[in-house]
Structures are given as structure tokens and as C-alpha cells.
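Okay, structure first, notes after.
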Amino acid sequence: MGTIEAARSWLEDAHDEVRAALDAHGVLFLRGLPLRGVEDFAVIRDAVVSSRAPYQEKATPRSDFGDDVFSSTDLPPAQRIRQHNENSYTITFPGTLMFACLIAPEWGGATPTADCRRVLEFIPDDLARRFREHGWILRRNYSEHLSLPWRTSFGTDSAEEIERYCAANLIGCEWGQDGTLHTTQLRPAVLHHPRTSEAVWFNHVAFWNRYSLDESIREVLESDLGEDGLPFATMLGDGTTLTRDEVDAINAAYDKATVRESWQPGDLMIVDNILASHGREAFQGDRRILVAMGDAVEITACRPTVAAATGPKS
């Protein structure tokens, strides 16, 4: 496509077509752009999104390259990352995600995506109904060892500032005697896209459920920490614990809707974060995928089937 300025101009001129493609498919994959570094990616990002969106309530390690550009994740290459919608547990989340490939891995490492309209269709009717009615609960135990420490997740050393953030963002928080932080938040599991009005499965229910962990890892963590001590736990919004079969059914729905494309240098993937989830395959070799977030959306704009709250829905 020539220069990065030509690519930016083309994307600006094609803005309406890009949005129409995202509304139809949830994901747009472009190949052969002159993306050679963070600066090039930032130029392209600003041609696509109307505004940048912050990365809030951080849950996984990322490298910050400046100008609101990050690594897609810094988790170990052997670790598969399951399908999820970015920041589905926050009350304001990015509407658009952008991924760019600078270095493609030797093997694996794709960023597969799933159409969340289809995911919802593939979830058993009774299970989907219960989530529509009750939403889902996320409980987090912030740790220096097994998950990000609260100072990193919230970007502050101030306990008072965290308490203010939690109060403003409908998160229940408690401090342990040892200074650890424990949070609880109720969120809808099903939203409606603000432009297309279509219902979508939008959450981290399966992603952070204990039954999605490798069995040997889960057994060790539960033995050492107990079920209440795991870094993340999810359940129905009325507090009902999910069974292994129910979590397996959700993961199977994702698998049925998932598509993938191997990365090549210069690839750009634009994701409507409400219409499509994303994940990461395990990989070998060097891999450098950049990510940026934009077009923040408030959860109330998505006709949630359950109102966000700090705790279980009675």
C-alpha cells in the first residue's frame, strides 16, 4: 500500500465501509500494510477510531510502548488465552480493538475471534436464559504472585483512590488484614449492540471460571488456596455456582463460532469488541503483536439485560 500516510488516507476515506464491515462480521482483517513500528500503528489507529479508550482494571501483563499502544499480552508463549471481550467486567469498555503484526511467530500464535451473536445462539437455551435474567459475578483476589497486584491493576498506590474508583464503578471491595484486595462485581452477560441492536454474549464467565483451567493447575491452586482464594472466580448473578458441564457448554459455543488467520508482518485486524471476542493461540518463536483500544462505550448504551451492581442480584 506504499507509505503509512497512504494507508492512513485510504482508511479515512473508507471509514463508512470499515464500519459497515464490522457491523456485518465483527472483525476486519487487512493484509500488507506498511506497519514497521509503534509509530506507524498509532497513525493507523487514529485513522480508524474516533477516540482512544483506556485499559482499565488490568488483569494480564502488557508492555506499554507509549502513545496508548501496548503489547497484546506478555503471558508465556505456551499458554493459550481463551475467547473473551476486552474489559467486559467494566462499566465503560473499548468498542473497537486494533491488532497489528510486526513479527509473526514461527508456529501458532494466531489471534482467533468469535462472533458473539453466534456464540449466544450456540449456548443451550436454558443456560442462556439464566444468564439473561441474572447476569454474572466476577470475584477477584489481587495477589503479588498469581495475578496482577492491585497497584498495577488500578494504577495507583493509594487505597483511598481505589475505594473511590470502586464506588464510582459499581465494584464491591474489601481489604484483607494483610493488605490484600478482594473485589466483587455483578455485570450483565448479554448486551445489545448500540448500532445494530443485536443481542450478544459479552462477558468473561468461562474465561475466568475454575473449570476453564487446566485440571492439574486447578487442583494445585485449589489445594494451596482453596476455592475462595483463586485469583478469579465467576458464577451466575444470583450467586449460583456453575457446573463443569455448563462451563464446557460455553467454551464449546465459543469453539463452534471461532475463526482464525495466521499472522504475517503488516497485518492489521480491527475488532468490534462487542460483536466479537478474541483469544490467543500458544506459539513458538518471536511474536510481536501490538494492540490499541478506542471508541469507549458505556454499558448503559447497550441495553443490558441486567443492571451492573456491586454484588449478587437478589
Side-chain angles (χ1 to χ4, degrees), residues 37-38 41-42 45 52-90 92-94 97-105 108-113 138-158 161-162 165-166 169 171 173 179-183 185 203-204 206-210 212-214 217-218 220-221 224-225 229-234 263 269 271 273 277-294:
V38 170
F41 180 50
R45 182 267 320 278
R52 304 178 190 185
Y55 179 38
Q56 303 180 97
E57 299 172 43
K58 301 177 180 69
T60 57
R62 297 180 191 267
S63 297
D64 186 341
F65 299 124
D67 204 13
D68 296 316
V69 175
F70 303 88
S71 62
S72 59
T73 179
D74 292 339
L75 288 172
Q79 185 173 339
R80 172 197 176 195
I81 301 175
R82 291 183 179 272
Q83 292 291 312
H84 61 285
N85 302 85
E86 200 66 41
N87 278 164
S88 76
Y89 45 91
T90 60
T92 302
F93 41 80
L97 305 178
M98 295 179 64
F99 298 85
C101 177
L102 301 185
I103 301 174
T111 303
T113 61
L138 169 63
R139 291 181 179 165
R140 293 181 67 174
N141 294 312
Y142 293 82
S143 167
E144 297 285 341
H145 307 292
L146 293 175
S147 62
L148 292 184
W150 55 264
R151 291 175 177 83
T152 302
S153 291
F154 290 94
T156 179
D157 291 325
S158 168
E161 189 172 335
I162 287 177
Y165 176 91
C166 288
N169 288 273
I171 303 170
C173 68
T180 56
L181 175 64
H182 313 279
T183 61
Q185 52 218 89
N203 55 71
H204 273 65
F207 185 82
W208 276 331
N209 192 275
R210 63 193 186 103
S212 290
L213 292 169
D214 178 270
I217 294 175
R218 177 174 58 82
V220 169
L221 290 177
D224 291 347
L225 304 172
L230 296 177
F232 304 95
T234 65
W263 285 115
M269 185 168 72
V271 179
N273 186 45
S277 62
H278 67 280
R280 189 199 71 180
E281 296 177 345
F283 66 94
Q284 294 177 357
D286 195 10
R287 178 184 188 269
R288 194 177 190 203
I289 306 297
L290 305 179
V291 67
M293 311 175 196

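Count residues from 1 along the sequence.
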Is His84 close to His278 at the side-chain level, that is, under 4.5 Å between some pair of heavy atoms? yes
Do Tyr142 and Phe154 have ring centres separated by under 6.0 Å? yes
Donor-acceptor under 3.5 Å (Gln83 side chain, Pro112 main chain): yes
Arg80 side chain vs Ala282 backbone, donor-acceptor pair below 3.5 Å: no
Ile171 vs Tyr165 side-chain heavy atoms within contact, under 4.5 Å: yes
Does some side-chain heavy atom of Ile81 sit less than 4.5 Å from a side-chain heavy atom of Phe207? yes
Is a side-chain donor or acceptor of Glu281 paired with a backbone partner of Ala110 at a separation under 3.5 angstrom? yes
Whether Arg62 side chain and Ser72 backbone form a donor-acceptor pair below 3.5 Å: yes
Measure across Gly108 and Phe283 and return the closest heavy-atom pair with its distance rounded to 0.1 Å. C-CB, 3.8 Å
Whether the side chain of Ser88 engages the backbone of His204 through a donor-acceptor N/O pair (distance < 3.5 Å, no angle test) should be reported. yes
Would you say that Glu57 contacts Ser153 through its side chain, given a criterion of any heavy-atom pair below 4.5 Å between the two side chains? no
Thinking salt bridges, do Asp67 and Arg45 make one under a 4.0 Å N-O criterion? yes
Is there side-chain contact between Trp150 and Arg140, with heavy atoms separated by less than 4.5 Å? no
Rounded to the nearest 0.5 Å, what's the gap from SG on Cys101 to CE on Met269? Could you check? 10.5 Å
Is the ring pair Phe99/Trp263 parallel, tilted or perpendicular, if the boundaries are 30 and 60 degrees? tilted
Residue pair Phe93 / Met293, side-chain heavy-atom distance below 4.5 Å: no
Close side-chain approach of Pro231 to Asn141, heavy-atom, < 4.5 Å: no
What distance separates Arg288 CZ from Ser71 OG, expressed to the nearest 0.5 Å? 9.0 Å
Output for pair (Leu97 CG, Thr113 OG1), nearest 0.5 Å, gives 11.0 Å
Hey, does the side chain of Arg82 reach the backbone of Ala206 with a donor-acceptor pair shorter than 3.5 angstrom? no
Is there a donor-acceptor contact under 3.5 Å from the side chain of Asn273 to the main chain of Glu86? yes
If you take all heavy atoms of Gly66 and Val38, which pair is closest and at what distance? O-CG1, 4.3 Å
Just how far is it from atom CD1 of Ile162 to atom OG1 of Thr183, taken to the nearest 0.5 Å? 10.0 Å
Closest heavy-atom contact between Cys173 and Leu181? CB-CD1, 3.9 Å
Relative to each other, are the rings of Tyr89 and Trp208 parallel, tilted or perpendicular (30° and 60° limits)? tilted
Give the minimum heavy-atom separation between Leu75 and Arg280, together with the two atoms involved. O-NH1, 3.3 Å
Do Glu161 and Thr156 have side-chain N/O donor and acceptor atoms under 3.5 Å apart? yes
Sub-3.5 Å donor-acceptor pair from the side chain of Asn87 to the main-chain atoms of Gln56, do we have one? yes
Once rounded to the nearest 0.5 Å, what's the spacing between atom CG of Leu213 and atom CG of Leu230? 7.0 Å
